[in-house]
Amino acid sequence: MAISRFLAFLQVQVPGATEHRITDIFKPLASPAAAERDIAWFTIAVTAVIFIVVASIIVYTIARFRRRPGDDLHQEPAQVYGSNQIELAWTVIPILIVFVLIGVTARVVWSVENASPPPSTLHLKVIGHQWWWEVQYPDYGITTANEIHVPFSSDGKEATYLELSSADVAHSFWVPQLSGKTDLIPNRLNYMWIDPRQGGVYVGNCAEYCGTQHANMLLRVVAEDRSAFQAWAQGQQKALASSDVSAGRAAFESLSCINCHVIKGTKAIGKFGPDLSHLASRSTLAAGMITNTPENLKKWINDPQEVKPGCLMPSLKLGGPELDQLVSYLGSLK
Ligand code: CUA
């Protein structure tokens with residue numbers, strides 16, 4: 001079940017976008033991830049040499065000093081005590097190796113954390129919730145969820161800085177092809193940055209156990225060129241109102257939905273759940289678990305606990321026509 005859900009997650013596509021679905025730290029597509037890939041290979045190389053040396057000595061010793069016919073079973077091998085050379089060799093060499101690994105790692109951590117932002121830098125706030133991601137764009141007055149739109153550039157001139165915090169428990173932001181993990185901790189601000197070099201959708205997930213639906217706290221970074229990003233941001237700034245769906249809107253405003261969700265231009269100003277002002281512009285529902293289709297949206301509203309057991313959205317037990325109106329209203333929020 002878990003595997004089929006995971007595979008379903010990988011198949012959710014944003015129309016027209018390249019999907020970077022392989023969550024592989026060895027295929028980085030942003031500077032922090034590339035620096036971290038290099039340090040990973042360096043560490044693997046050093047430890048591989050240690051492994052080969054130690055394993056060769058063990059194999060050699062087993063073969064060279066094995067019991068042979070005619071050996072005197074009561075005779076001890078030569079006992080070596082107090083050899084300064086041997087003691088020094090197996091103390092100094094490991095210490096040197098450890099210091100080299102610490103030093104090189106610290107240098108990379110320092111350079112990633114203290115990199116100065118390029119001029120056109122987008123600043124975002126990402127807030128972890130059980131079990132979804134709130135994403136605020138303070139410069140644009142936008143709030144969205146689970147799908148983070150950012151500009152990309154092949155020359156690294158566009159970067160996005162993320163201020164990470166949590167509304168409840170510890171979470172961890174991880175999009176392997178863009179950067180290493182950074183925790184989202186209650187009452188604390190952490191920072192990270194990404195500079196995707198290719199357009200497309202990068203998949204990631206929460207990387208710190210945060211409760212029963214931790215594994216379904218999925219995340220997508222949609223990297224677009226500047227103009228597509230600006231167009232998206234402008235679209236998100238609008239409050240939508242279509243008279244075709246006024247019955248659904250009235251239903252929405254009459255229900256307890258408004259206590260937890262925001263829809264721009266309506267009575268809904270709840271901050272507890274995801275902002276729904278442009279729900280239909282997102283490709284997934286329930287933090288990346290299911291594709292955003294009218295059928296799935298209906299299933300989700302009808303009984304969120306069936307789709308995502310333990311999630312904090314209650315089932316409203318709506319009847320047929322009201323549910324359909326609600327689904328067409330929410331589906332109109334592009
Ligand atoms: Cu959030 Cu694990």
Side-chain angles (χ1 to χ4, degrees), residues 1-12 14 20-25 30 32-33 36 123-137 142-150 160-194 196 201-222 260-262 270-276 279 282-292 296 300 304-314:
M1 187 62 191
I3 290 177
S4 66
R5 277 206 179 146
F6 181 66
L7 292 175
F9 158 63
L10 291 180
Q11 276 150 22
V12 175
V14 174
H20 301 288
R21 297 187 203 181
I22 302 163
T23 52
D24 186 345
I25 66 158
E36 285 150 14
H123 289 269
L124 302 186
K125 293 183 182 190
V126 177
I127 301 151
H129 294 258
Q130 284 175 317
W131 290 278
W132 58 282
W133 307 88
E134 179 180 347
V135 190
Q136 298 177 356
Y137 294 68
I142 300 169
T143 302
T144 182
N146 306 319
E147 291 172 21
I148 305 179
H149 286 247
V150 300
T160 301
Y161 271 65
L162 311 175
E163 179 195 288
L164 305 174
S165 60
S166 170
D168 38 46
V169 299
H171 304 272
S172 182
F173 186 100
W174 191 32
V175 182
Q177 286 192 285
L178 298 181
S179 182
K181 303 165 184 175
T182 307
D183 283 0
L184 297 83
I185 311 278
N187 300 316
R188 190 194 148 82
L189 296 179
N190 279 343
Y191 300 89
M192 65 182 289
W193 60 281
I194 51 176
V201 179
Y202 296 82
V203 291
N205 51 277
C206 180
E208 177 82 48
Y209 183 72
C210 54
T212 51
Q213 289 296 336
H214 153 72
N216 288 318
M217 188 167 165
L218 308 171
L219 143 78
R220 283 152 190 274
V221 173
V222 183
C260 293
H261 295 284
V262 172
K271 294 283 182 188
F272 195 65
D275 188 309
L276 303 178
L279 176 68
R282 306 205 273 265
S283 60
T284 63
L285 298 170
M289 276 186 79
I290 48 174
T291 324
N292 190 358
N296 282 343
W300 172 248
Q305 300 302 321
E306 171 70 28
V307 178
K308 195 168 183 175
C311 76
L312 301 181
M313 175 155 155

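Remember, it's 1-based here, ligands and their atoms both numbered in the order they're listed. Not measured: the values here are computed from a predicted model.
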Fill in: side-chain contact (heavy atoms from CB on, under 4.5 Å) partners for H214, two or more places apart
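Per chain and number, H214 pairs via side-chain contact (heavy atoms from CB on, under 4.5 Å) with C206, Y209, C210.
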Discussion item. If you define the side chain from C-beta out and look only at heavy atoms, does anything of R282 sit under 4.5 Å from T284?
Written reply: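 Of all side-chain heavy-atom pairs linking T284 with R282, none is under 4.5 Å.
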Worksheet item: Side-chain contact, heavy-atom cut-off 4.5 Å: K308 with W300?
Response: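 SC-SC contact between K308 and W300 confirmed.
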Discussion item. Closer than 2.8 Å to atom 2 (Cu) of ligand 1, what protein N/O/S atoms do you find?
Written reply: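 Listed by chain and number, the atoms are C206 SG, E208 O, C210 SG, H214 ND1.
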Practice prompt. Only counting residues at least two apart or in another chain, list the ones meeting ring pair (Phe, Tyr, Trp, His ring centres under 6.0 Å) with W131.
Written response: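 So W131 forms no ring pair (Phe, Tyr, Trp, His ring centres under 6.0 Å) with any residue.
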Worksheet entry | Non-neighbouring partners of H261 that pass ring pair (Phe, Tyr, Trp, His ring centres under 6.0 Å), sequence neighbours left out |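 Residues passing ring pair (Phe, Tyr, Trp, His ring centres under 6.0 Å) with H261: none at all.
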Worksheet entry | For W133, the option from L218, L184, I148, L164 that meets side chain to side chain contact (heavy atoms under 4.5 Å, CB included) |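 So, applying the side chain to side chain contact (heavy atoms under 4.5 Å, CB included) to W133 and each of L218, L184, I148, L164, only L184 qualifies.
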